[in-house]
Amino acid sequence: MTRPVDEADLDDLLSRPGPGVGAALAAVSGDIVLLGAGGKIGPTMARMAKRALTEVGSDARVIAVSRFSDPVAAESLEAHGVRVHRADLAEPASYAALPDAAAVFFLAAMKFGTTGAEHQTWWSNAAIPVLVADRYRGVPTMAYSTGNVYPLTPLAHGGSIESDPPGPVGEYAQSGLARERIFTNAAHTWGTPTTIFRLNYACELRYGVIADIATKIAAGDPVDVTMPAVNVAWQGDINAWALRSIELAGVPPHVLNATGPETVSVRRIATLLGEVMGSAPVLAGEESTDALLSDAGECHDRYGYPSVPLRRLVRWVGEWVADGGRQLGKATKFQQREGKF
């Protein structure tokens, strides 16, 4: 597998179905609806779903729901066979017109800009799930969540597992746990089979922890190593695992951590990127003894290891950034230890 040469090539690779995706989606026997599909994850995930269904001979529709403030994103989805439904999920009146579904993938969330806009964060991450859960009572649902619902853990601990008690730090993480609780209540109250998909961190060449570090190196800015280690995984694998996880949906909800297998030091990522980019990183801060880490062992047991290994992903990102490849401009703020995003 070679590095994508441009954004069209990158989006094609990110939307290439992994093994088992088509079978998992076809098993729901109907249309697939992705809510909040206009963000950084939704477009390639929707394209992957459509490609996977086509590969297994299913004529089920894939419907991407979003405001689609960027008309180019909507046009691209339609060009790839995905039906587009424009709706503002923050507006309760929009729900009556939402399409019916055999399975729902809930991707909408607010993380960036949380600090100073806490009221919007809680509306996006806690109120909107109430509206979604009510509209799609009984419909199998995969709800995107975040590893931020876990507390920081000692590096020797190996990362939080799904049965560990949550300990969210900051209002973004707290509202993320609220989202989980709301979908859990819907599962118990209305019998809605549910998967809660806890992600940290997805990476591609324009976005993610590795790209954050690479852009710092390219600009000659210091890389903060206070958060000493992270988990990362290729966004294409995250897309595939998320789509397949609908097969796990149950009552009570099935919780699944999703990330890469390594606990990798931020210092090590910066060093590897520096070698690729031909520029030694400037490091700042002192490594702490704990970090936000997840153990995704169950996910890998079910779906295998990432198709793009860590070293290859680091090399791709370093080359992309060094060549001036576009970034999405949405820093992960993985360095945050106080939950202020």
Side-chain angles (χ1 to χ4, degrees), residues 3-4 10 40-41 111-115 146-148 150-160 169-170 172-173 199-235 237-238 258-294 296 306 308-341:
R3 175 172 74 85
L10 174 57
K40 61 185 182 295
I41 290 174
K111 177 179 182 180
F112 308 108
T114 294
T115 301
T146 171
N148 286 89
Y150 296 121
L152 303 181
T153 57
L155 299 183
H157 184 72
S160 298
V169 177
Y172 162 66
L199 168 66
N200 64 296
Y201 289 96
C203 291
E204 50 125 307
L205 310 191
R206 300 163 297 193
Y207 167 83
V209 171
I210 303 172
D212 288 350
I213 297 172
T215 54
K216 291 282 189 184
I217 294 172
D221 294 333
V223 176
D224 187 351
V225 298
T226 309
M227 184 72 81
V230 291
N231 307 119
V232 295
W234 170 242
Q235 176 66 60
D237 292 308
I238 297 295
T259 193
E262 300 94 349
T263 296
V264 57
S265 80
V266 173
R267 180 183 295 268
R268 186 61 175 153
I269 293 174
T271 299
L272 292 171
L273 284 169
E275 293 171 357
V276 172
M277 301 171 70
S279 179
V282 178
L283 305 180
E286 183 177 343
E287 282 105 335
S288 300
T289 59
D290 56 8
L292 180 69
L293 298 169
S294 296
V308 179
L310 175 65
R311 289 291 188 94
R312 184 184 305 166
L313 180 53
V314 169
R315 184 172 66 251
W316 282 3
V317 173
E319 292 171 348
W320 180 272
V321 172
D323 290 344
R326 186 176 76 94
Q327 294 293 296
L328 298 184
K330 296 180 178 180
T332 61
K333 300 185 180 180
F334 73 92
Q335 309 94 330
Q336 262 294 333
R337 297 178 58 82
E338 298 177 355
K340 295 180 179 180
F341 298 100

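Please read all numbers here as calculations on a predicted model, not as lab measurements. Worth knowing before you read on, the calculation uses all heavy atoms, side chains too, and leaves out hydrogens, waters and symmetry mates. Counting from 1, the numbers follow the sequence of the chain as shown.
- If you take CG on Leu199 and CD1 on Ile238, they are separated by 5.0 Å, rounding to the nearest 0.5 Å.
- Val169 has its side chain out of reach of Asn148: every pair of non-hydrogen atoms, C-beta onward, lies at least 4.5 Å apart.
- We find the CD1-CZ distance between Ile213 and Arg267 to be 12.0 Å, quoted to the nearest 0.5 Å.
- Arg315 meets the side chain to side chain donor-acceptor pair (under 3.5 Å) test with no other residue; sequence neighbours excluded.
- Side-chain atoms of Asn200 do not come within 3.5 Å of backbone N or O of Thr146 as any donor-acceptor pair.
- Between the side chain of Glu204 and the backbone N or O of Arg206, at least one donor-acceptor pair lies under 3.5 Å.
- Residues Lys216 and Pro222 share a closest heavy-atom pair of CD-O, 3.8 Å.
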Which pairs would a plain distance check flag for residues 223-230, meaning a side-chain donor or acceptor within less than 3.5 Å of a matching protein atom at least two apart in sequence or in another chain?
unit_1, atom_1, unit_2, atom_2, d
Asp224, OD1, Thr226, N, 2.8
Asp224, OD1, Thr226, OG1, 2.5

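- Partners of Pro151 according to the side chain to side chain contact (heavy atoms under 4.5 Å, CB included) rule, which considers only residues two or more places apart in sequence or in another chain, do not exist here.
- Taking CH2 from Trp320 and CG from Leu10, the interatomic distance works out to 5.0 Å, rounded to the nearest 0.5 Å.
- Remark: Ala296 pairs with Asn257, Thr259, Cys299, His300 by the side chain to side chain contact (heavy atoms under 4.5 Å, CB included) rule, at least two apart or across chains.
- With sequence neighbours left out, Arg326 forms a side chain to side chain donor-acceptor pair (under 3.5 Å) with Glu7.
- Not a single donor-acceptor pair under 3.5 Å links the side chain of Asn231 to the backbone N or O of Tyr201.
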Verdict with reasoning, Cys203 to Val317, per side-chain contact (heavy atoms from CB on, under 4.5 Å): CA-CA 9 Å; Cys203 291; Val317 173; 5.8 Å; no
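- Atom CZ of Arg268 and atom CD of Glu262 lie 12.0 Å apart (nearest 0.5 Å).
- The structure places CD1 of Ile269 at 8.0 Å from CG of Leu272, a figure rounded to the nearest 0.5 Å.
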Verdict with reasoning, Leu155 to Thr289, per side-chain contact (heavy atoms from CB on, under 4.5 Å): CA-CA 6 Å; Leu155 299 183; Thr289 59; 5.7 Å; no
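- Applying the ring-ring contact (aromatic ring centres under 6.0 Å, His included) criterion to Trp234, with sequence neighbours excluded, gives Trp316.
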Evaluation steps, side-chain contact (heavy atoms from CB on, under 4.5 Å), between Val266 and Phe334: CA-CA 10 Å; Val266 173; Phe334 73 92; 3.7 Å; yes
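- In this structure, His157 and Leu293 have side chains that are not in contact, with every pair of non-hydrogen atoms separated by 4.5 Å or more.
- Annotation: the span from Asp212 atom CG to Thr332 atom OG1 amounts to 4.0 Å, rounded to 0.5 Å.
- When all heavy atoms of Ala214 and Leu273 are compared, the pair lying nearest together is N-CD1, 3.7 Å.
- Between Pro306 and Pro261, some side-chain heavy-atom pair lies under the 4.5 Å cut-off.
- For the residue pair Leu205 and Arg3, the shortest heavy atom distance occurs at CD1-CG, 4.2 Å.
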Stepwise side chain to side chain donor-acceptor pair (under 3.5 Å) test for Thr153 and Asp290: CA-CA 5 Å; Thr153 57; Asp290 56 8; over 6 Å; no
